[in-house]
Structure formats: C-alpha cells, structure tokens
Amino acid sequence: QVQLVESGGGLVQAGGSLRLSCEASGRTFGSYVMAWFRQAPGKEREFVAGISTNGQSTKYADSVKGRFTISGDSAKNTLYLQMNSLEPEDTADYYCAADWQSLPQVVPQRTNEYDYWGQGTQVTVSS
C-alpha cells in the first residue's frame, strides 16, 4: 500500500512560483511511476507532469511545458513539482499519483492508470 501526502499549495500572484511536494510512504522510487494531476472547478482531472520509475523520462502537458519541472528525491521518498511563471489558468487542486510500473521509461497520462492518489493541495493564482 502506498500513501501520498501533498503539501506546498497556496495563493500566489500571476508570474509567481510555488513548489509542491508529495511525500510517499514505502519504497516507491524505483518501482512506481509518479505524476502530478490537477482539477479545476467544473473540469475533469488532467495530467500535468510525470516521471518514470528510473527518473530518466519525464512527460509534461503542453500547457505547462517550459514552466513546470517534476523531480524526485529517492532518499526522502518525495516527489516535487516546481511551478514557475504561474498563470490564473493554473488555479486548481493538484494531486500526486503513483502506480507500480514494470517498464522503466513509461509515463502514463490517464487518471485510470494510477492506483494511488494523495488528498490534493490547492493552488490559487490571482491575476
């Protein structure tokens, strides 16, 4: 069983930065692909960024490429999402997700491909 706890959300002005953290229980790094999703009010949950089990492959949604960076610290069992140049359209609840993955380079991008989810952290970007 994997438990995920997000932190780092908050209120920021457009153009600002935030770093989200996701602390995972158990030894997830090396065996689990991990990702960030977000869900804005009235919208479906969408993929933001993901990192493969070996850390060598990352994927980003087109809307965040060049602004967001996903990374992981295996020693701390923590996943990060550095968000720069934030826009009001980035306002959403952000969720950390994990799933056991046997292929080292695969990064799924659909919500139904992840079995474990955190409770979410809210990000609000004011204009």
Side-chain angles (χ1 to χ4, degrees):
Q1 188 76 2
V2 175
Q3 292 185 326
L4 306 171
V5 180
E6 303 98 333
S7 62
L11 173 63
V12 65
Q13 288 188 331
S17 298
L18 281 175
R19 189 177 78 157
L20 305 183
S21 300
C22 172
E23 187 172 352
S25 66
R27 298 186 62 182
T28 53
F29 287 86
S31 300
Y32 287 76
V33 61
M34 301 192 73
W36 289 96
F37 287 76
R38 67 186 181 187
Q39 187 167 18
K43 294 188 177 182
E44 293 187 353
R45 193 169 296 188
E46 64 176 3
F47 175 83
V48 174
I51 187 166
S52 61
T53 56
N54 62 6
Q56 295 180 4
S57 178
T58 56
K59 300 290 185 184
Y60 294 92
D62 288 343
S63 58
V64 307
K65 279 181 182 176
R67 300 189 299 121
F68 291 11
T69 302
I70 189 171
S71 63
D73 185 335
S74 58
K76 296 182 179 180
N77 230 25
T78 300
L79 180 73
Y80 301 101
L81 184 67
Q82 179 65 44
M83 305 187 295
N84 299 329
S85 302
L86 282 162
E87 303 168 353
E89 293 73 23
D90 296 317
T91 295
D93 291 326
Y94 283 71
Y95 297 88
C96 176
D99 194 55
W100 189 85
Q101 178 57 250
S102 62
L103 301 176
Q105 299 285 347
V106 171
V107 181
Q109 298 183 39
R110 293 183 296 210
T111 57
N112 62 3
E113 294 179 289
Y114 289 84
D115 284 338
Y116 302 101
W117 293 85
Q119 83 290 347
T121 185
Q122 190 174 53
V123 172
T124 302
V125 184
S126 63
S127 56

Beyond-backbone contact of K59 with F47, side-chain heavy atoms, under 4.5 angstrom:
yes
Side-chain contact, heavy-atom cut-off 4.5 Å: M83 with V123?
yes
Could you go step by step and tell me if W36 and L20 meet the side chain to side chain contact (heavy atoms under 4.5 Å, CB included) rule?
CA-CA 10 Å; W36 289 96; L20 305 183; 3.7 Å; yes
Here's a test for you: under side-chain hydrogen bond (donor to acceptor under 3.5 Å, both in side chains), which of D93, T91, D90 qualifies with R38?
D90
Could you grab the distance from atom CZ of F68 to atom OG of S17, nearest 0.5 Å is fine?
9.5 Å
At their closest point, which heavy atom of S31 faces which heavy atom of T53, and how far apart are they?
C-CG2, 3.7 Å
Quick one: does T78's side chain have a donor or acceptor within less than 3.5 Å of a partner on K76's backbone?
yes
Start with the C-alpha gap between F37 and Y95, add the side-chain angles, then the distance that decides, and say whether ring pair (Phe, Tyr, Trp, His ring centres under 6.0 Å) holds.
CA-CA 5 Å; F37 287 76; Y95 297 88; 8.8 Å; no
For residues 97-109, which side-chain donor-acceptor pairs fall under 3.5 Å, sequence neighbours excluded?
from	atom 1	to	atom 2	distance (Å)
D99	OD1	D115	N	3.3
Q101	OE1	L103	N	3.1

Would you check if T69 and L81 make a side-chain contact, meaning some heavy-atom pair closer than 4.5 Å?
no
May I ask whether Y60 and Y114 are part of the same hydrophobic cluster, defined by side-chain heavy atoms of I, L, V, M, F, W, Y residues being less than 4.5 angstrom apart, directly or through others?
no
Are the side chains of Y116 and Q1 in touch, meaning some heavy atoms are under 4.5 Å apart?
yes
Verify, without hydrogens or angle tests, whether R19 (side chain) and Q82 (backbone) share a donor-acceptor contact under 3.5 angstrom.
no
Less than 4.5 Å apart, side chain to side chain, heavy atoms only: is that true for I51 and L79?
yes
State, to 0.1 Å, how close S63 and R67 come at their nearest heavy-atom pair, and which atoms those are.
O-NH2, 2.8 Å
Is the closest side-chain heavy-atom distance between D73 and Y80 below 4.5 Å?
yes
Separation of T111 OG1 from E44 CD (nearest 0.5 Å):
8.0 Å
Which heavy atom of P88 sits nearest to which heavy atom of S127, and what is that distance?
CG-CB, 3.9 Å
How about E87 and V125: do any of their side-chain heavy atoms sit closer than 4.5 Å?
no
Under 3.5 Å, side-chain donor or acceptor atoms of residues 2-10 against the rest of the protein: list the pairs with distances, not counting sequence neighbours.
from	atom 1	to	atom 2	distance (Å)
E6	OE1	Q119	N	3.0
E6	OE1	Q119	NE2	3.4
E6	OE1	G120	N	2.9
E6	OE2	C96	N	2.7
E6	OE2	G120	N	3.3

